[in-house]
Each structure stands twice: as structure tokens, then as C-alpha cells.
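Written out below as C-alpha cells is the structure these notes cover.
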Number of protein chains: 2
Amino acid sequence: MPSIRDVARLAGVSHQTVSRVLNDHPSIRVETKQRVLDAIRQLDYRPNAAARALVTSKLNLIGILSASVGEFGPTASIAAIEEAARSEGYSATTLNLPDTSPEAIGAAVRQLLREQVDGIVVIAPQVRVFHVLRGMAIDVPFVSLQTSSGQGSDSVAADQLEGARLATQHLIELGHADILHLSGPQDWIEADSRMRGYLQALRDADLPTIPPIRGDWTADFGHYAGRELARRQDFTAIFAANDLMAIGLMHGFRDAGIDVPGDVSVVGFDDIPVAAHVWPPLTTVHIDFAELGRRAIARLLATLRGADDDVPQREAPALVVRDSAATRR
Amino acid sequence: MPSIRDVARLAGVSHQTVSRVLNDHPSIRVETKQRVLDAIRQLDYRPNAAARALVTSKLNLIGILSASVGEFGPTASIAAIEEAARSEGYSATTLNLPDTSPEAIGAAVRQLLREQVDGIVVIAPQVRVFHVLRGMAIDVPFVSLQTSSGQGSDSVAADQLEGARLATQHLIELGHADILHLSGPQDWIEADSRMRGYLQALRDADLPTIPPIRGDWTADFGHYAGRELARRQDFTAIFAANDLMAIGLMHGFRDAGIDVPGDVSVVGFDDIPVAAHVWPPLTTVHIDFAELGRRAIARLLATLRGADDDVPQREAPALVVRDSAATRR
DNA sequence: TTGTAAGCGTTATCAT
DNA sequence: ATGATAACGCTTACAA
């Protein structure tokens with residue numbers, strides 16, 4: 001593995017000059033520069049990142065802390081974050097949280113810090129994670145993603161509350177008055193935002209609220225809930241906090257002989273790729289998770305570079321109307 | 001940021017002794033060790049990875065090269081790979097290929113090499129990627145995932161051919177004789193394996209083959225194909241190369257008034273989380289992608305450590321029978 | 001069991 | 001515009 005000195009020798013200059021070429025220092029003769037560049041190519045020289053990191057004390061690495069393996073949104077965001085980071089000259093390392101216990105979070109952050117990350121993007125939709133994080137006094141900048149409630153300049157979010165409001169309003173406009181909400185898990189910020197959007201829409205329309213059902217995001221739970229709910233008669237529409245649960249829900253209703261949207265209207269959230277193809281095609285809320293990821297990096301790098309950042313904090317959701325919700329007869 | 005010397009000073013030993021403690025060298029007095037450990041805790045000292053990497057010329061970093069953003073299987077594997085790598089003391093960096101052109105692949109590998117990875121896991125199901133990779137003479141070990149055809153000790157794979165054979169055989173056992181295959185894209189190794197499994201099952205049963213339809217893995221394509229296929233009468237069952245296409249297919253058939261499984265039986269592949277909840281519940285092939293990821297790391301680390309590896313190369317798929325395929329009347 | 005010295009490949013600083 | 005020299009924080013010899 002050739003070093004900077006090998007290049008210097010071949011080009012007939014000092015290693016320092018090579019370093020200047022590498023970091024394109026302004027004052028260097030073009031001719032010299034060319035000689036160095038040739039030598040670099042000839043030796044297939046690649047700068048040693050570790051040595052560079054040692055002296056600059058910057059690894060140009062950003063850490064991604066994710067507490068939601070496999071969820072649709074986060075996964076889409078992570079890929080975008082990695083790509084955006086690389087295009088800015090950083091590399092990225094992802095760490096998936098095994099659970100959201102304070103210990104696990106602490107260990108994960110320490111691990112990332114040990115790996116010398118310059119900044120951290122947190123994709124941890126659980127409220128609890130944030131409490132722990134705030135109490136940790138992390139010595140690198142970090143931004144959080146997906147937290148509609150995590151105010152402050154350190155977060156980037158889709159306006160999930162607005163999306164939920166849109167979804168619920170849509171049901172109201174279809175003539176529904178008794179709308180149930182199948183929410184996400186207690187601890188999740190997104191679950192909370194989506195529920196708040198739902199409640200707000202009902203309040204705005206002076207409609208009564210029914211105590212929401214707590215789900216766990218899975219289609220299996222939705223399926224179970226659908227079968228249970230089939231016995232109740234106190235609602236004509238359901239807003240599920242995500243598509244997976246909505247699809248499971250429709251399955252449960254089908255098992256119970258309840259027609260969607262004939263008997264009950266269903267709306268989901270996320271617009272996962274199959275949403276358009278299930279039966280009936282699912283009306284849902286679309287969010288651009290990749291854009292969210294890109295924005296998180298923009299925000300983090302702005303902080304890292306000490307620049308003023310005017311990265312938009314909120315991303316607008318869009319209602320996608322399909323067939324799973326219909327006018328109340 | 002405290003260094004090893006600060007710790008040494010506080011503990012009243014030489015920095016070398018601290019280094020010994022850090023790498024738990026055998027010969028060191030427990031008492032001394034304790035003093036050092038206390039100092040470390042007290043200063044919140046964290047070893048500088050860059051300095052260590054510089055001298056050992058190992059970053060303990062493994063690179064993940066992925067050419068399949070968002071596909072269900074790969075995504076599940078990636079998370080498992082990261083986790084497995086970390087539990088072995090390595091960190092991981094993921095790089096998503098924007099496209100599979102030789103240039104993009106070359107650039108990605110160079111990038112990873114520049115980031116000083118010790119090894120690379122390739123999740124690139126396209127045949128082409130492998131040709132390029134083989135021609136590159138990469139100077140770190142690499143293993144590939146998901147390639148049922150990429151023989152040699154450098155790959156870990158689910159036996160997709162076997163899974164496809166199972167799926168097709170299931171249709172045959174149900175009494176179908178005219179079975180169509182909706183395959184994945186031309187270039188994909190997995191698409192090829194799944195098609196070969198399909199063909200083998202037909203051959204074993206002395207059944208005629210129908211030219212397969214080339215899909216692109218998306219539910220949208222499945223939907224389109226379903227509508228087109230509705231006009232044909234030359235088949236009674238379809239084996240789709242993945243669940244997304246299978247679900248789209250059923251959507252298309254539904255649009256055309258064709259009943260699944262009444263008129264046509266459908267089988268998918270992957271067992272994605274909604275597979276059980278769509279209508280009709282999808283009969284499919286389950287593969288443990290996470291296990292595959294873990295195995296890839298085991299394999300890579302074995303190579304890295306020069307150990308003999310007896311990591312199983314093949315992972316058995318399982319047929320999951322639901323309702324989308326039924327006996328031919 | 002512990003300490004001392006050298007060096008890993010860069011960049012920063014000061015000369016020239 | 002270029003070069004010499006000193007760090008950066010650690011590990012690997014070698015010595016005691």
C-alpha cells in the first residue's frame with residue numbers, strides 16, 4: 001500500500017507538496033500538481049483515512065441510530081441518509097437499537113461515539129429514547145428524524161399530525177360521524193402525532209371521539225383488532241395509524257363478513273407499495289421519507305459546518321384517495 | 001478529549017501499561033489494572049479509533065455494498081449484517097448503489113476501499129455486478145449474499161432454486177398442469193434461480209412449459225400483467241417470483257373479474273409481512289433473510305481471521321401454504 | 001510485571 | 001511555491 005511519501009518520491013517532490021495537492025491548496029504550480037497527480041494514478045495511491053483522521057481529529061463519519069428495524073418509513077429514510085452523507089463526503093454507519101431501554105440507548109450512543117462519528121442522526125420514534133438522549137449530553141451534534149413533536153432546531157419531521165388530520169377529515173367529508181382510531185404503540189411519537197391529528201379533526205368538526213385502540217403497527221394486530229371490532233356497532237369508519245394495521249384490519253373484517261368500504265370505511269397511513277393493490281385499494285397518507293432523510297443530513301451538516309441553516313423542518317404529507325373509504329349511506 | 005497518556009498520568013503508570021489494559025494483555029497485576037480502569041472511567045476516556053487504526057492498519061470496519069434499495073429481502077439482511085458485525089467488534093458502513101452500471105460499481109468499491117474497510121459484503125443480486133466485481137481484483141476479502149448461483153466459498157445464499165421448486169411442485173400437486181411463471185428482471189441472479197426452480201419442477205413432472213413473463217419485482221407490474229394475462233386461457237396457475245408482483249397480479253385479475261384461487265391459483269415468494277393479510281391470503285415461500293445476513297458476516301470474519309470456516313452456505317426455504325392456490329377442479 | 005523508544009501516514013506550522 | 005519538522009494517539013518491539 002503506497003504512502004504519501006512513495007508518491008512524493010516518484011514525483012520528485014516533498015510529501016508535503018503531495019499533501020497540498022490532495023487537499024487542493026491554492027498555491028501550487030500546475031505543472032507540479034500534474035506530476036503529483038500522475039504519480040498518484042501510477043501507484044494507485046489512496047490516502048489513508050485513519051492517518052488523516054488522527055491528525056484532523058475528524059473521521060468524516062456520521063452515525064445513524066435507528067430504533068425501528070423494518071418499519072417502512074425509517075428504512076426508506078436510512079437509505080437516503082446514507083446516500084446524502086456520501087455525496088457530501090461523509091460516510092455513514094448505521095446502528096440498530098435492539099430495544100429502547102435506556103441502557104441500550106446509552107450503549108448505542110457510546111458505541112457510535114467510540115467509532116468517532118462527527119454527528120448523529122437519530123431515527124427513534126419512541127418518546128422515551130428522546131428523554132434518554134436529552135439527558136446524555138452528547139458531545140457531537142445530532143438531529144432527530146420523524147419526530148413531529150421534537151421541536152427545536154435539532155429535528156426534521158414530516159407533519160404527521162397534519163397527515164392524520166387530512167385522513168380523518170376525509171372520512172368526515174364522506175359523511176362519517178363515528179370514526180374510530182387504531183393507533184400505534186403508546187410510546188411512539190409518531191403514534192402520538194397521528195392520534196392528535198385525528199382528535200383535532202374530530203374537534204374541528206364537533207364530532208364525538210371514541211377511545212382509540214392501541215395497536216403495535218403490525219398487520220397481525222390489525223387482523224386481530226378487525227375480528228374483535230366486528231362485534232361493535234359504534235363506528236362506521238376507522239383511521240388506522242399505518243397501512244400494515246389497516247390491511248390487517250380489512251382482513252379481520254373480511255373474516256367477520258363485514259364489507260369494506262360498504263359497511264366500514266378504512267384509511268391508513270404511509271402509502272406502502274402494496275397499498276394500491278390490496279382489496280379494496282387502500283386510501284392512505286403519503287409521506288416522502290427519503291426527502292426527510294436528505295433533509296436530516298442537510299441539517300446535520302449545516303450544524304457541523306457552523307453554517308446558518310434554513311433547511312425546511314416540515315414536510316407536507318399528501319392524502320391518497322383510493323377505494324377503502326366510501327360515502328356513508 | 002483525554003488520551004492514553006492522561007489516563008496513565010492519573011493512574012500513575014506508563015501509557016504502555018494503559019495500552020496493555022485496553023487490549024487485555026495477560027501479564028498485568030490486577031491491582032494495577034484496576035487503577036487504570038478507574039482512571040479510564042473517571043476521565044471518560046475512549047480510545048481513539050483512528051490512532052489505533054493507523055498503527056494496526058485495520059479499521060475493523062466492514063462495508064456493505066447493496067444494489068437493491070428497498071427490496072424486502074436485502075433490507076432485512078442488511079440490518080442483521082450490521083448487528084452481527086457490531087457484536088463481533090466491527091462496525092459497518094452501507095453503500096447503496098445508484099445503478100448497476102460498471103462505472104457505478106467500480107466507484108462504489110473504490111469508495112469503500114478508500115474508507116478502509118477490512119472486508120465487503122455484497123448484496124447485489126444482479127449478475128452483471130458480479131462480473132464487474134470479479135474483474136476488479138479487490139484487495140480485501142468479500143462475500144456475496146443472496147446469489148444462489150455465485151458458487152465458490154465466497155457466497156452465502158438461500159436456496160432459492162429449491163424454494164421455487166417447492167412452490168411450483170405445490171401447484172402441481174394441486175392438480176395444475178398449465179403453470180405460468182411471472183419472473184423477475186433479466187439480470188437478477190435470484191430471478192434466474194427462481195425460474196430454474198420452476199422449470200425443474202415442471203420437468204420433473206413431465207409438464208409442458210409456457211414462456212415466462214419478465215417482470216420488474218413491482219406490484220405495479222404485477223397489476224399490469226394480471227390485466228393482460230386475463231385474456232389468455234392457456235394456464236390455470238401462476239408462480240410469481242416475488243410477493244409484490246403476486247399481490248399486484250391478484251389485483252389485476254380482480255379487475256378483470258377472474259377469481260383467485262377459483263379460476264387461477266397464485267403463489268408468491270418472500271413471505272412479506274402483508275402476505276398473510278391480503279385477499280386471498282398469499283401462499284408463498286418463506287426465507288430467513290436475517291439469518292442469511294448473519295451467516296454472511298460469519299463467513300467474512302472467518303476469512304478475515306484466517307480461520308477455517310464451516311458456515312453453512314445454504315439456507316433452507318419453506319413453503320407457506322395459505323389460500324391463494326387451490327385444487328384444480 | 002512494567003517502562004522506553006520508535007514509528008504508523010497524515011496535516012499544520014514554520015521556514016525558505 | 002515548496003520543504004523540513006513536529007505533532008496526532010496509539011501499538012509493537014525491546015529493555016529492564
Side-chain angles (χ1 to χ4, degrees), chain A residues 1-40 43-61 89-91 113-118 139-140, chain B residues 1-40 43-61 89-91 113-118 139-140:
Chain A
M1 198 92 307
S3 86
I4 198 172
R5 288 165 207 276
D6 299 315
V7 176
R9 197 170 316 123
L10 182 59
V13 297
S14 78
H15 75 269
Q16 185 45 241
T17 298
V18 177
S19 171
R20 289 200 177 89
V21 172
L22 254 27
N23 300 285
D24 36 37
H25 188 94
S27 55
I28 195 158
R29 228 177 19 209
V30 274
E31 177 195 305
T32 314
K33 181 170 183 173
Q34 194 51 54
R35 269 218 316 284
V36 171
L37 254 20
D38 288 344
I40 288 178
L43 295 174
D44 187 28
Y45 163 79
R46 278 174 258 133
N48 183 316
R52 181 175 280 174
L54 177 57
V55 66
T56 58
S57 63
K58 290 198 57 190
L59 245 187
N60 275 18
L61 207 211
Y90 285 75
S91 67
L113 255 23
R114 200 174 314 130
E115 292 180 18
Q116 241 100 73
V117 297
D118 300 307
D139 56 1
V140 300
Chain B
M1 199 90 309
S3 87
I4 198 172
R5 289 164 208 276
D6 299 315
V7 175
R9 199 171 314 123
L10 182 59
V13 297
S14 79
H15 70 107
Q16 182 45 243
T17 300
V18 177
S19 171
R20 289 200 179 89
V21 172
L22 254 27
N23 301 284
D24 37 36
H25 188 95
S27 55
I28 195 159
R29 224 174 24 203
V30 273
E31 176 195 305
T32 314
K33 181 169 183 174
Q34 194 51 55
R35 270 218 314 284
V36 171
L37 254 19
D38 288 345
I40 288 179
L43 295 175
D44 187 29
Y45 163 78
R46 279 174 257 133
N48 184 316
R52 182 175 281 174
L54 177 56
V55 66
T56 59
S57 64
K58 290 198 61 190
L59 245 187
N60 276 20
L61 208 213
Y90 286 75
S91 69
L113 255 22
R114 200 174 314 129
E115 292 180 19
Q116 241 100 74
V117 296
D118 300 308
D139 55 2
V140 300

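Order of the sequence lines fixes the chain letters, A, B, ..., with proteins taken first and strands second; residue numbering starts at 1 for each chain.
Between I4(A) and S19(A), some side-chain heavy-atom pair lies under the 4.5 Å cut-off.
Pairs of residues two or more places apart, or lying in two chains, that qualify as salt bridge (Lys or Arg N to Asp or Glu O under 4.0 Å) and include a residue from residues 46-58 of chain B are D139(A)-R46(B), D44(B)-R46(B). Every pair passing salt bridge (Lys or Arg N to Asp or Glu O under 4.0 Å) that includes a residue from residues 8-19 of chain A is listed here, sequence neighbours excluded: D6(A)-R9(A).
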**OP:** Between protein and nucleotides 3-16 of chain D, map the contacts as a letter string: B base, S sugar-phosphate only, - none, heavy atoms under 4.0 Å, written 5' to 3'.
**Re:** BBB--BBBBB----

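Residues from residues 33-40 of chain B lying near DNA chain D, meaning a heavy-atom separation below 4.0 Å, are absent.
Applying the side chain to side chain donor-acceptor pair (under 3.5 Å) test to Q116(A) and every residue at least two apart in sequence or in another chain returns nothing. Applying the side chain to side chain donor-acceptor pair (under 3.5 Å) test to Q34(A) and every residue at least two apart in sequence or in another chain returns D38(A). Annotation: side chain to side chain donor-acceptor pair (under 3.5 Å) contacts of R114(A) (sequence neighbours excluded): Q111(A). V21(B) meets the side-chain contact (heavy atoms from CB on, under 4.5 Å) test with I28(B), K33(B), V36(B), L37(B); sequence neighbours excluded. A search for side-chain contact (heavy atoms from CB on, under 4.5 Å) contacts involving S14(A) returns Q16(A), T17(A), not counting sequence neighbours.
D24(A) places its CG atom 15 Å from the P atom of dT2(D), with the value rounded to the nearest Å.
Note on S57(B): nothing from the nucleic acid sits closer than 4.0 angstrom, heavy atoms only.
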